[in-house]
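Here the structure is a predicted model, which means the values were calculated and not measured. Numbering starts at 1 and runs along the sequence shown.
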Amino acid sequence: MRHTDPDQYHGHRPSKRLGAVLAVVALGAAVGVGAYGLLLKPRSEPRPQPAPTATATASPAPTPAMTPPPAPQRDPEAFATRVAHLLFDWDTLATSPAAIKETLIGLADPTGDETAGLASDLGNYLPDATTWAKLRRHGTRQSLDIGSVAEPASWQTAQADAQPGAILPGTAAYTIAGARHREGVWQDQPTSSDHDVSFTVFVTCAPSFPECHLMRLSQLDNPLN
């Protein structure tokens with residue numbers, strides 16, 4: 001399929017706390033692709049959820065284009081794997097980049113400290129509206145075939161070298177490698193393509209939070225090793 005490839009990614013907009021992070025943890029250049037502020041303890045507490053009231057009405061039915069968030073996950077590797085599929089498994093005829101982004105932002109840092117950075121990360125993975133419209137005309141569907149999920153050695157080194165309290169307890173990094181598969185219709189003929197991808201997912205789970213949360217993503221095809 002000779003449609004426009006949406007995966008033309010640019011460099012991250014560094015977190016405002018990047019300088020502080022690099023001063024705290026000597027992670028080397030590799031961490032410059034994604035860890036940023038998640039290496040520091042949150043500056044705020046998780047925002048409390050409003051308690052239901054007796055007069056609350058039933059929630060409206062979910063919009064068909066919206067992907068429901070996954071069930072709560074407490075296993076960091078399983079959570080990172082599910083995040084990968086939420087990010088890469090989509091059908092242009094059934095959802096939208098905004099819906100996918102909203103689902104993943106719903107899993108973000110509950111303190112809000114990393115949410116803006118994660119939103120920027122997601123923008124580098126998902127097609128923009130113009131590209132999505134072109135893919136939709138071809139009925140494009142995408143899925144991710146994961147080949148490996150592993151904690152990168154550079155993250156283990158970072159944890160060992162970090163000052164006490166610099167990394168939030170329960171924070172983990174998983175580098176995921178696999179193949180992005182796309183299929184659709186080109187000139188009335190079914191067609192497909194495959195492209196190797198790799199990236200790192202940063203999550204924080206217990207004991208910092210009772211459930212896992214998505215903190216940041218590395219640049220696509222520029223993961224921690």
Test your reading of the model: is there a side-chain donor-acceptor pair from [X] to the backbone of [Y], 3.5 Å cut-off?
{"X": "Ser208", "Y": "Pro169", "answer": "yes"}
{"X": "Thr204", "Y": "Gly170", "answer": "no"}
{"X": "Asp121", "Y": "Arg216", "answer": "no"}
{"X": "Ser120", "Y": "Ala116", "answer": "no"}
{"X": "Asp221", "Y": "Ser198", "answer": "yes"}
{"X": "Gln142", "Y": "Phe88", "answer": "yes"}

Tell me, please, which residues at least two apart from [X] pass side-chain hydrogen bond (donor to acceptor under 3.5 Å, both in side chains).
{"X": "Asp89", "value": "His85"}
{"X": "Thr175", "value": "Thr200"}
{"X": "Glu77", "value": "none"}

At their closest point, which heavy atom of [X] faces which heavy atom of [Y], and how far apart are they?
{"X": "Asp75", "Y": "Ala78", "value": "OD2-N, 2.7 Å"}
{"X": "Thr171", "Y": "Gln159", "value": "O-NE2, 3.6 Å"}
{"X": "Phe79", "Y": "Leu214", "value": "CE2-N, 3.6 Å"}
{"X": "Arg136", "Y": "Thr95", "value": "NH1-O, 4.5 Å"}
{"X": "Trp155", "Y": "Ala172", "value": "NE1-CA, 3.8 Å"}

- request: Please assess His181 against Ser192 for the test side-chain contact (heavy atoms from CB on, under 4.5 Å), listing each intermediate value before the final yes or no.
  value: CA-CA 7 Å; His181 177 74; Ser192 64; 3.7 Å; yes
What distance separates [X] [atom1] from [Y] [atom2], expressed to the nearest 0.5 Å?
{"X": "Thr103", "Y": "Leu86", "atom1": "OG1", "atom2": "CG", "value": "7.0 Å"}
{"X": "Met215", "Y": "Leu217", "atom1": "CE", "atom2": "CG", "value": "12.0 Å"}
{"X": "Trp132", "Y": "Leu126", "atom1": "CH2", "atom2": "CG", "value": "7.5 Å"}
{"X": "Phe209", "Y": "Thr111", "atom1": "CZ", "atom2": "OG1", "value": "5.5 Å"}
{"X": "Thr130", "Y": "Leu135", "atom1": "OG1", "atom2": "CG", "value": "11.0 Å"}
{"X": "Tyr125", "Y": "Ser218", "atom1": "OH", "atom2": "OG", "value": "4.0 Å"}

Shared ILVMFWY cluster between Val185 and Leu93, side chains joined below 4.5 angstrom?
no
Q) Got Asp109 and His213 here, is their nearest side-chain heavy-atom distance under 4.5 Å? A) no
- Query: Stepwise, does the side-chain contact (heavy atoms from CB on, under 4.5 Å) test hold for Val201 with Leu87?
  - Reply: CA-CA 11 Å; Val201 179; Leu87 184 57; over 6 Å; no
When Asn225, Thr157, Leu224 are each screened for side-chain contact (heavy atoms from CB on, under 4.5 Å) with Pro152, the one that passes is Leu224
List the steps, then state whether side-chain contact (heavy atoms from CB on, under 4.5 Å) holds for His138 with Arg182. CA-CA 11 Å; His138 297 290; Arg182 284 184 180 175; over 6 Å; no
**Request:** Apply the test side-chain contact (heavy atoms from CB on, under 4.5 Å) to residues Ile105 and Leu122: give CA-CA distance (whole Å), side-chain angles for both, the deciding distance (0.1 Å), then the verdict.
**Result:** CA-CA 9 Å; Ile105 289 295; Leu122 293 171; 3.9 Å; yes
